[in-house]
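Structure, as structure tokens:
Sequence lines set the chain letters: A, B, ... in the order given, protein chains first and strands last, and positions in each chain run from 1. Remember, predicted model here, so these are calculated numbers, not experimental data.
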Amino acid sequence: MADRYPFREIEEKWQRLWDERQQFRVTEDRSRPKFYCLEMFPYPSGRIHMGHVRVYAIGDLLARYKWMRGYNVLHPMGWDAFGLPAENAAIDNGVHPAIWTSENIDYMRLQLKKMGTSYDWEREVTTCDPAYYKWEQLIFIKMLERGLAYRRRSRVNWCPSCQTVLANEQVEDGRCWRCESEVTPKDIDGWFFKITAYAEELLAWCDRLPGWPERVLTMQRNWIGKSEGAEFDLPIAGRPDLKIRVFTTRPDTVFGMTYAVLAPEHPLVDQVVTPAERAAVEAFRAEVARESEMERTAADRPKRGLRLAAMAVNPFDGAEIPLFIADYVLMGYGTGAIMAVPGEDQRDWDFARRQGLPIIETVERPAGWTGEAYTGDGVKINSGFLDGLTIAEAKRKAIDWLVERGVGEARVNYRLRDWGISRQRYWGAPIPVLYCERCGIVPEAEDRLPVVLPRDVQLSGKGGSPLASAPEFVNARCPRCGGAARRETDTMDTFVESSWYFLRYCSPRYEGGMVDTPAADYWMPVDQYIGGIEHAVLHLLYARFYTKVLRDLGLTKVDEPFTALLSQGMVIKDGAKMSKSKGNVVSDDFIREKYGADTGRLFELFAAPPEKDLEWNDQGIEGASRFLNRVWRFTTSHLGELAEAPRTPAAAATDAGRAFRRVIHETVRRVTDDLERDFGFNTAIAAIMELVNALAVFEAGAGAVSGDAGRERAALLREAVETVILLLGPFCPHIAEELWSQLGHPESVFRQRWPQADPAALVRAEVTLVVQVDGRVRSRVVVEAGAAEERVRQLALADERVQPWLASRRVERVVVVPSRLVNIVTRA
RNA sequence: GCCGGGGUGGCGAAACUGGCAGACGCACGAGACUUAAAAUCUUGUGGCCGCAAGGCCGUGCGGGUUCGACUCCCGCCCCCGGCACCA
């Protein structure tokens, strides 16, 4: 394709000028409203591709738009620079992770600049910088003091390929979120953040984030998984020293329990087994333990269990009921033990049927109901003092009964587990604690932070924390007693760094603490956050939690970090998300070289609404390119006429002029609406395209080039062209700047005010109404705006194309919708 | 199973609060310019019938409400995403 506008030169030129003018540097300025616009910072994996471009194009568009609307816009960028790929590259190619990372950052920073992004690079942060993670270590110590960070041995998700532990959020379908290896269970010591302490608040705020997409909030609610019910004790017959604590969401069904179940790993099992059954119990446990989490939790397989000799007692009626261990009860949820109510729980029903256990119905079934377990609403039956109540009433009364006797209580359970943050890898922030023989676990002294990640460490990828093999790191003095101590050799999950970087941007070079409070108070919260849906329950949940911790530590006043969230869809090629590992990457360099940065941005913003996935299409980008070339050609070929045109057009005198001016201002209104209301980038661009189409038609049609008509024509062309350029600016900043300057404006487009629709120009003298007969369009009539209903009705009825449809029919009524349509309803 | 989001031309998509379905773009057809091609410009393009004027059908399926339904209600089907032996 030939004859492209000179995008290479103008993109270089304007990037240089923005840089020289420090156009996007910001400071706190209380005279203007602030707008904090943030895109999720990238992991410096190597190269920016069209998947990245989508996020950054959206962020840049919003930032530039808000500039033009008069906001003081904070639009920063940085690097999520710790992480496994760097370490793996080091193992494979012998490059140090620090070198690999910093080279990637240098290249990607350049790519982002070439995209034409409006970042304040003075605020760039890099998470692997000790000056950054120092503050994270300090917060870790504060969390340790408050019991929000703690160490324990637990069964964790182990990724055999990454050779490290994963948090629950980082396992998808039993596989590692990063490398898709199957995760295996492992018992290991590690550090945890007590996110469960904030479960209720995290959940409650899901209802107070109207700027978030519903799907993300739903995912977070599901993940937190609140369930309300009761917890109580089942005594064990003949063993006054023992009782089984169970959790249920259906305390109303206690009279329907016909057996009880312990998870196979439940500690009580050892105390109740008889010597005779020990061997069988051990065999059963071994069988269950052999299975992977995935196999065990597959819902459709038969439930297996083993009956124990001991009997449990239903505290409500004193009935002795059999006690089982079974694979369908999990140690990790609730109390690891349940009362089983087969009448109203399908899982219990399945198990009871297999084991030949009795089933009691405690809720009246609707007439004609033929299912298995019944979970619907109804009246309580066979339930002693609960008979006749509704389920809700019975729940309350059963809990009251438990409380009065001191054997149980109302109880809320969450699915959310504490966040395991220990990673058995090198390229991460050191956890700032030491193990002293005398003092035990001791945090590093605050004035000795940061605990710097040592440079020279053997990386084998063979397992075990690499830092353990660095004696000069491991061997240290106890900050408390001065004796010999061993440093923690695990590093922190890299999601910890990304849980607070948005705060650091507020005062990135501040040395007095994690954040300079006045700066944070000015900028926070992030007004618009933009990033991929894949972080719905990872980063976005962690960042919310961490913000609440920082708030409780007095570092920020905000309850939530992100007021509004835009979860943009993935960029798909050949049916898969664009990623290096899939080999389906369309490089930003390639597109930029061939079409220019503005074209790449325009295409991605135009091709689909931002929340939807976007199928990459080589032909689509040609369309975006054609459009920008049209704008370029039109403007540059009319420069002379436009330069001489009056700058403030009077109200147009001719009909064609008035109509055209209405299109101009209608476009301003549409584009502004689309941007303000619902991220309608694609429709905003469509509106600008329509204006350019109308511009060409007007130019070709309005032939006069001299006299009053000529002046009107020139003034309107100028107004239209300038409007196009201003509206296009946030989408395609380079071409907009260049054309704006060629039109003789010395100031940047982004120092201009966003155009405002002139209400006078929007007024229509006459409107076209659709005329329907019985709901079908039969004609159109033109009437003066605001015409009386009666007049419209007369015109419609008299219309020659309507008449035939009324012949031999009686007009029953005429519906007139002002400025829209007339519907004539007839009857035979 | 529960929760959330969807289903509109050959394709990506529009349609504000119930008021002209398919804007804008891609692809494709025809024409102009050209020795020719590319680029560019003009023009056509939901389906069926028709020379045309025009008519009929059409937003996953079946009903309903309404003068009027892509939009609201009821009942289904399918797709995508999340959660899931979570008691």
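- In terms of phosphate contacts, A/Ser227 brings a side-chain nitrogen or oxygen within less than 4.0 Å of OP1 or OP2 of B/A87.
- B/C78 and B/C61 are spaced 10 Å apart, taking the C1' atom of each and rounding to whole Å.
- Remark: the A/Arg221 side chain and the B/C83 base include no donor-acceptor N/O pair separated by less than 3.5 Å.
- Spacing between B/U45 and B/G25 at atom P, rounded to whole Å, works out to 15 Å.
- Look at A/Arg820 and you won't find any side-chain N or O under 4.0 angstrom from OP1 or OP2 of B/U17.
- Against the 90° criterion about 0, the sugar-base torsion of B/G9 places it in the syn range.
- Remark: the A/Asn823 side chain and the B/C67 base include a donor-acceptor N/O pair separated by less than 3.5 Å.
- Taking atom P on both nucleotides, B/A32 is separated from B/A36 by 11 Å, rounded to a whole Å.
- As the counterpart of B/C16, no nucleotide is assigned, since no Watson-Crick or G-U wobble pattern has both distances under 3.5 Å.
- Relative to the ring axis of A/Trp205, A/Arg544 does not place its NZ or CZ within 45° and under 6.0 Å from the centre.
- In this structure, B/G54 forms a base pair with B/C49, meeting either the Watson-Crick or the G-U wobble geometry with both donor-acceptor distances under 3.5 Å.
- The P atoms of B/G9 and B/G64 are separated by 24 Å, rounded to the nearest whole Å.
- Comparing the same atom, C1', in B/C77 and in B/G63 gives a spacing of 15 Å after rounding to whole Å.
- Remark: A/Arg215 is not in phosphate contact with B/G5, judged by side-chain N or O atoms under 4.0 Å from OP1 or OP2.
- With salt bridges taken as basic N to acidic carboxylate O contacts below 4.0 Å, none links A/Glu228 and A/Lys395.
- Judged by distance alone, the side chains of A/Ser227 and A/Asn413 never bring a donor and an acceptor atom under 3.5 Å apart.
- In this structure, the ring of A/Phe232 has its center no less than 6.0 angstrom from the ring center of A/Phe247.
- A/Asn413 comes within 4.0 angstrom of no nucleic acid atom, judged by non-hydrogen atoms across all strands.
- Taking 4.0 angstrom as the limit, A/Lys612 places none of its side-chain polar atoms (N or O) nearer than this to OP1 or OP2 of B/G12.
- If you take atom C1' in B/G62 and the same atom in B/C11, they sit 29 Å apart, rounded to whole Å.
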